[in-house]
Number of protein chains: 2
Amino acid sequence: MSTENKILDSIASSKNNKPHCGTCSLSSLCLPIALQANDLDALDQVIKRGRPIQKGEMLFKQGDDFNAVFAIRTGAVKSFTVARSGEEQITGFHLASELVGLSGYAEDVYPLSAKALETTTVCELPLDKLEVLCDEIPGLRKQIMRNMSGEIRQDQQMMLQLSKKSADERLAYFLLELSGRFERRGFSAKAFRLAMSRVDISNYLGLAVETVSRIFTRFQKNGLIATEGKEITLLNLDELNNLTGNPSLNAQCDSQ
Amino acid sequence: MSTENKILDSIASSKNNKPHCGTCSLSSLCLPIALQANDLDALDQVIKRGRPIQKGEMLFKQGDDFNAVFAIRTGAVKSFTVARSGEEQITGFHLASELVGLSGYAEDVYPLSAKALETTTVCELPLDKLEVLCDEIPGLRKQIMRNMSGEIRQDQQMMLQLSKKSADERLAYFLLELSGRFERRGFSAKAFRLAMSRVDISNYLGLAVETVSRIFTRFQKNGLIATEGKEITLLNLDELNNLTGNPSLNAQCDSQ
DNA sequence: CGTCTACTTGACCACTATCAACGCTGGTGG
DNA sequence: CCACCAGCGTTGATAGTGGTCAAGTAGACG
């Protein structure tokens with residue numbers, strides 16, 4: 001067994017060497033959430049689990065035929081659209097358990113590209129098989145619709161950020177939003193690693209890199225955060241929350 | 001028969017007094033596009049067609065239970081989210097044949113509100129019935145997924161506009177995008193009525209009303225458009241296209 | 001005719017982009 | 001082993017786009 005495969009397996013599953021939806025630690029966040037055991041097997045059968053995708057590699061490119069949806073098992077991915085004028089807009093960062101590529105449905109080609117921010121393993125759901133399953137398993141159809149609906153909601157939140165919020169508010173929102181996603185995956189809400197570069201963050205938030213950099217420094221001076229390269233610690237969630245301009249995003253949300 | 005009902009019927013269908021998906025002039029744009037005759041009947045059966053909605057009335061409010069999706073028959077609707085801080089963000093304007101409310105799927109409540117911009121008639125698709133039909137008619141499921149996917153694509157385009165484009169570019173894009181939608185509905189691409197107010201436009205585009213107003217005047221001075229109240233004529237599509245910063249959005253798109 | 005709302009126009013200034021320079025780190029090749 | 005370079009991140013100085021405030025106009029409606 002090659003070193004590469006060893007790494008893959010150790011990443012894919014800490015206990016078994018055959019990854020399977022039923023044993024995947026993400027099953028409570030990912031598509032299986034709404035499925036029965038036998039449906040889960042059916043889903044598992046159609047999933048292709050390829051070799052890991054290296055940092056900088058593309059999952060798919062804007063304009064490619066839409067032939068699969070991807071669920072992220074480990075790692076992180078950014079998706080972005082390129083305007084005809086050449087400008088890039090990062091439309092989202094995707095962590096483990098999230099689906100990428102569903103927006104290809106409308107036009108039969110991907111309207112955006114997806115690139116790995118770090119070494120990433122994915123579960124590939126070939127479209128033809130997925131279509132059949134969707135018609136056979138109502139729970140799966142519903143779960144995918146929920147997913148798409150959630151993405152619409154999220155993108156619309158982002159529209160609000162981009163059009164109404166100041167640079168400080170956007171960055172605070174970004175950090176808290178990420179924090180919440182890590183927490184839901186069982187990681188620390190206060191200390192994590194930013195898989196994306198400052199340039200990526202600034203692009204996503206509709207700001208210049210310099211602005212993002214300056215705000216990071218200012219937040220540090222004010223004791224809100226501490227950074228060491230890509231590692232970041234949120235020192236004062238309450239104050240960050242105030243900064244978003246939104247009463248409570250992450251504060252006293254124990255019920256969530 | 002009351003005056004109100006007479007109006008409804010005359011609006012609902014210019015030829016028959018019983019509106020039906022099969023005879024609706026929008027069937028080639030709306031959900032029926034992918035359905036067989038008998039499936040179409042099944043869809044038609046579940047649709048509730050209520051009285052017209054007056055300008056300013058709400059179709060649904062953010063936080064309401066998600067219990068129906070709406071297809072617009074005539075008129076226009078704006079949808080918008082309200083942040084906890086109170087800011088409103090208009091997330092879209094919807095014209096005849098478009099679906100509103102699909103983003104309620106993820107959380108079982110609508111994450112946004114929808115309000116009529118003018119007197120509007122809608123086809124209401126109760127969620128419980130729609131769910132059943134989705135599982136029975138694969139074509140319908142697919143069409144709805146395409147719809148959601150298209151909305152994601154569209155929102156992401158908007159994110160690009162909001163974060164990368166200047167005020168002029170945004171307004172030009174807005175006008176051309178509307179123009180294209182009117183054209184696809186068989187109306188003039190060059191002259192139409194803006195159902196929404198300047199405030200709505202500015203909110204949608206992430207600008208101040210004053211800015212929008214100034215750009216409208218400047219565009220007029222430069223001979224790009226002519227306005228008279230809410231009526232607008234696009235005098236120079238090519239130049240507007242250049243202004244979007246995107247090579248060709250509406251130019252020489254005869255094939256589209 | 002008065003009031004209200006939508007829209008327009010002008011003056012001013014703040015936020016953030018842009019330009020420029022510099023430091024740090026990791027990789028490459030002499 | 002060190003010099004060099006590229007990519008990323010930070011910091012400073014400057015300027016421009018578009019927001020804000022204020023006032024005025026026009027159109028709709030009672």
Side-chain angles (χ1 to χ4, degrees), chain A residues 54-56 78 85 87-90 115 117-119 160-175 193-222 225-232 243 245, chain B residues 54-56 76 78 85 87-90 115 117-119 160-175 193-222 225-232 243-245:
Chain A
Q54 298 304 315
K55 176 173 177 171
K78 69 172 170 181
S85 45
E87 291 135 316
E88 283 187 24
Q89 169 66 32
I90 294 179
K115 185 184 270 191
L117 289 168
E118 54 192 32
T119 306
L160 192 147
Q161 291 294 316
L162 291 173
S163 88
K164 299 281 180 303
K165 303 291 192 173
S166 71
D168 285 28
E169 289 171 329
R170 291 185 212 180
L171 195 63
Y173 170 86
F174 170 74
L175 293 174
R193 199 176 144 276
L194 299 168
M196 66 294 289
S197 70
R198 300 285 194 271
V199 177
D200 285 339
I201 296 175
S202 68
N203 179 304
Y204 179 61
L205 297 177
L207 301 167
V209 208
E210 294 92 329
T211 306
V212 169
S213 185
R214 274 185 255 272
I215 300 178
F216 265 116
T217 352
R218 185 148 38 78
F219 278 6
Q220 286 194 79
K221 272 184 192 151
N222 299 345
I225 62 171
T227 64
E228 204 182 317
K230 295 191 173 295
E231 299 293 333
I232 185 166
L243 273 180
Chain B
Q54 297 304 315
K55 176 176 177 169
K78 70 171 170 181
S85 45
E87 292 135 316
E88 282 187 25
Q89 169 67 31
I90 295 180
K115 185 185 271 192
L117 289 169
E118 55 193 32
T119 306
L160 192 147
Q161 291 293 317
L162 291 173
S163 87
K164 300 279 180 306
K165 302 290 192 173
S166 72
D168 286 26
E169 290 171 328
R170 289 185 213 180
L171 196 62
Y173 169 85
F174 171 73
L175 293 175
R193 197 176 145 278
L194 299 168
M196 67 294 290
S197 70
R198 300 285 194 270
V199 177
D200 285 339
I201 297 175
S202 67
N203 179 304
Y204 179 60
L205 296 177
L207 301 167
V209 207
E210 293 92 330
T211 305
V212 169
S213 185
R214 274 185 256 272
I215 300 176
F216 264 116
T217 4
R218 185 149 36 79
F219 279 5
Q220 285 194 79
K221 272 183 193 150
N222 300 345
I225 62 171
T227 64
E228 203 182 317
K230 294 189 174 295
E231 299 295 331
I232 185 165
L243 272 180
T244 63

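A note on names: the letters A, B, ... follow the listed sequences, proteins ahead of strands, and every chain is numbered from 1. Computed from a predicted structure; not experimentally measured. Below, all heavy atoms of this structure are taken into account, side chains as well, without hydrogens, waters or symmetry copies.
- For A/Ser202, the side-chain hydrogen bond (donor to acceptor under 3.5 Å, both in side chains) criterion is met by no residue, not counting sequence neighbours.
- Look at CD1 on A/Ile232: it is 13 Å from P on D/dG9, rounded to the nearest Å.
- Residues forming a side-chain hydrogen bond (donor to acceptor under 3.5 Å, both in side chains) with A/Gln161 (at least two apart in sequence, or on another chain): none.
- With axes fitted over five pairs at each extremity, the angle between the ends of the helix from C/dC1-D/dG30 to C/dG30-D/dC1 is 30° (10° resolution).
- Within 4.0 Å of B/Ser213, counting heavy atoms only, lies at least one base atom of the nucleic acid.
- Taking the side chain to side chain contact (heavy atoms under 4.5 Å, CB included) definition, one finds that A/Lys115 meets it with A/Met58, A/Lys78, A/Phe80, sequence neighbours left out.
- Taking atom CZ of B/Phe216 as the reference point, atom C1' of C/dT9 lies 16 Å away to the nearest angstrom.
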Enumerate all atom pairs, one protein N or O and one N or O from nucleotides 18-27 of chain D, separated by less than 3.5 Å.
from   : atom 1 : to       : atom 2 : distance (Å)
D/dG18 : OP1    : B/Ala167 : N      : 2.7
D/dG19 : OP1    : B/Gly206 : O      : 3.4
D/dG19 : OP1    : B/Ala208 : N      : 3.4
D/dG19 : OP2    : B/Ala208 : N      : 3.1
D/dG19 : OP2    : B/Thr211 : OG1    : 2.4
D/dT20 : O4     : B/Arg214 : NH2    : 3.0
D/dC21 : N4     : B/Glu210 : OE2    : 3.0

Got a list of protein N/O to nucleotides 24-28 of chain C N/O distances below 3.5 Å?
none

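- Taking 4.0 angstrom as the limit, A/Ser197 places none of its side-chain polar atoms (N or O) nearer than this to OP1 or OP2 of D/dG7.
- For A/Glu87, the salt bridge (Lys or Arg N to Asp or Glu O under 4.0 Å) test picks out B/Lys165, with sequence neighbours left out.
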Identify every side-chain donor-acceptor pair in residues 208-220 of chain B under 3.5 Å, counting partners at least two apart or on other chains, and give the distances.
from     : atom 1 : to       : atom 2 : distance (Å)
B/Thr217 : OG1    : B/Ser213 : O      : 2.7
B/Thr217 : OG1    : B/Arg214 : O      : 2.9
B/Arg218 : NH1    : B/Asp168 : OD2    : 2.7
B/Arg218 : NH2    : B/Asp168 : OD1    : 3.2
B/Gln220 : OE1    : B/Thr227 : N      : 3.3
B/Gln220 : OE1    : B/Thr227 : OG1    : 3.4
B/Gln220 : NE2    : B/Thr227 : OG1    : 2.8

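- Of the side-chain N and O atoms in B/Lys230, none sit less than 4.0 angstrom from OP1 or OP2 of C/dA6.
- Across the protein-nucleic acid pair, B/Met196 atom CE and C/dA6 atom P stand 15 Å apart, rounded to whole Å.
- Checked against side chain to side chain contact (heavy atoms under 4.5 Å, CB included), B/Lys230 has the following partners two or more places apart in sequence or in another chain: B/Arg193, B/Ser197.
- A/Lys164 comes within contact range of no nucleotide atom at all, as no heavy-atom separation falls under 4.0 Å.
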